[in-house]
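Below: one structure, written as structure tokens.
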Amino acid sequence: MDYINIALPKGRLGEKVYEMFEKIGYGCPAIREKDRRLIFENEENKVRYFWSKPSDVAIYVERGAADIGVVGKDILLEYEPDIYELADMNLGKCRMCVAAKKGFRDNPEKTLKVATKFVNIARSHYAGKGRDIEICKLNGSIEIAPILNMTDVIVDIVETGTTLKENDLEVIETIIPISARLIANKASTKFKAEQISQLRRKLQEVIEK
Ligand code: PRP
């Protein structure tokens, strides 16, 4: 039997996801050793895990380095990788929002300046409304942009809302709810069809509704 290669997002979400895989019989005890290794395998149940940067999981899966992976819906919407989405893990729940300084009023006669990491999501959101925008692509700490009047709004992920609150910003629109998704490489779903569908079935049983 071939190994099944699984790309997990490094961090708290990835650890929760690994626990679910362990629960359904895809454990890999070496992964619990706190070292800096990024690849772990268990010869017994033929499973190999990679810890990858969350935004890179879909790249490994799309290219077939990983057969399956777990990634936020935000990444799937932003990059539209050529993969299959197999299940909603019902984890890592948050929402993609537009936020601005408290009391911000949009002036429709002016181009709206938008700071974001999620350029495509922001573009399609405003294209749908026919609103002219100018994007300022940032890589993190997006909240700073409207505070310093560099942009009018941000398009970003809101989980607890604490970051916005502590920076005197507020949500002005929710674009879409986000959660972690199980994804698969397209060819792997053919060549490892039985392994992948079995894993998916077992996972469905432990996904909290
Ligand atoms: C994300 C997001 C917000 C924050 C929202 O940032 O960009 O800044 O989390 O969470 P909250 O609503 O619970 O406060 P992340 O920590 O991923 O870092 P980033 O600034 O590099 O995007």
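Excluded from the calculations below are hydrogen atoms, water molecules and symmetry mates; all remaining heavy atoms, backbone and side chain alike, are included. In what follows, residues are counted from 1 in the order of the sequence shown.
Note on Asp67 versus Lys192: salt bridge recorded, some NZ/NE/NH1/NH2 to OD/OE distance being below 4.0 Å. Between Lys73 and Glu85 there is a salt bridge, with a side-chain nitrogen of the basic residue lying less than 4.0 Å from a carboxylate oxygen of the acidic one. Between Arg32 and Glu22 a salt bridge is recorded (basic side-chain N to carboxylate O distance below 4.0 Å). Ionic pairing of Lys186 and Asp82 is present here: one or more N-O contacts between side-chain nitrogen and carboxylate oxygen are shorter than 4.0 angstrom.
Of all heavy-atom pairs between Val206 and Met20, the closest is O-CE, 3.8 Å. Residues Ala184 and Leu86 come closest through the heavy atom pair CB-CD1, 3.7 Å. Cys28 and Asn42 get closest at one heavy-atom pair: SG-N, 3.8 Å.
From Arg105, atom CZ reaches atom CD1 of Ile172 across 9.0 Å, with rounding to the nearest 0.5 Å. Expressed to the nearest 0.5 Å, how far OG of Ser188 lies from CD1 of Ile83 amounts to 12.0 Å. Ile31 contributes atom CD1, which lies 11.0 Å from atom CD1 of Ile39 (distance to the nearest 0.5 angstrom). Thr151 contributes atom OG1, which lies 10.0 Å from atom CD1 of Ile135 (distance to the nearest 0.5 angstrom).
Heavy atoms of other residues, nucleotides or ligands lying less than 6.0 angstrom from CZ of Arg37 number more than 12. Around atom NZ of Lys93, no more than 12 heavy atoms belonging to other residues, nucleotides or ligands sit under 6.0 Å away. Within a 6.0 Å radius of OH in Tyr60, no more than 12 heavy atoms belonging to other residues, nucleotides or ligands are found. Residue Lys46 places its NZ atom among more than 12 non-hydrogen atoms of other residues, nucleotides or ligands, all under 6.0 Å distant. No more than 12 heavy atoms of other residues, nucleotides or ligands sit less than 6.0 Å from atom CZ of Arg63.
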Discussion item. Show, in sequence, the C-alpha distance, side-chain angles and deciding distance for Thr111 and Asp132, and conclude whether the side-chain hydrogen bond (donor to acceptor under 3.5 Å, both in side chains) test is met.
Written reply: CA-CA 5 Å; Thr111 298; Asp132 254 355; 4.6 Å; no
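Of the residues listed (Val114, Leu169, Ile133), the one engaging Val153 in a side chain to side chain contact (heavy atoms under 4.5 Å, CB included) is Val114, and it is the only one. None of Ile157, Ile142, Ile175, Leu77 except one satisfies the side chain to side chain contact (heavy atoms under 4.5 Å, CB included) rule with Phe118; the exception is Ile157. Checked against Lys101 for a side chain to side chain donor-acceptor pair (under 3.5 Å), the options Asn149, Asn167, Asp168, Asp152 give a single hit: Asn149.
No side-chain heavy atom of Asp156 sits under 4.5 Å from any side-chain heavy atom of Thr116. Under the 4.5 Å side-chain criterion, counting only non-hydrogen atoms from C-beta, Glu173 is in contact with His125. No side-chain heavy atom of Ser179 sits under 4.5 Å from any side-chain heavy atom of Leu91. Considering only heavy atoms from C-beta on, Val61 stays 4.5 Å or farther from Ile68 through its side chain.
The hydrophobic cluster containing Ile183 does not contain Met89, counting ILVMFWY residues as joined when their side-chain heavy atoms lie under 4.5 angstrom apart, directly or transitively. Taken together through direct or relayed side-chain contacts under 4.5 Å among Ile, Leu, Val, Met, Phe, Trp and Tyr, Val57 and Ile75 form part of one hydrophobic cluster. A continuous path of Ile, Leu, Val, Met, Phe, Trp and Tyr side chains, each step under 4.5 Å between heavy atoms, connects Leu112 with Val155, placing both in one hydrophobic cluster.
Taking the ring centre of Tyr3 as origin, the terminal cationic atom of Arg48 falls inside the region bounded by 6.0 Å and 45° from the ring axis.
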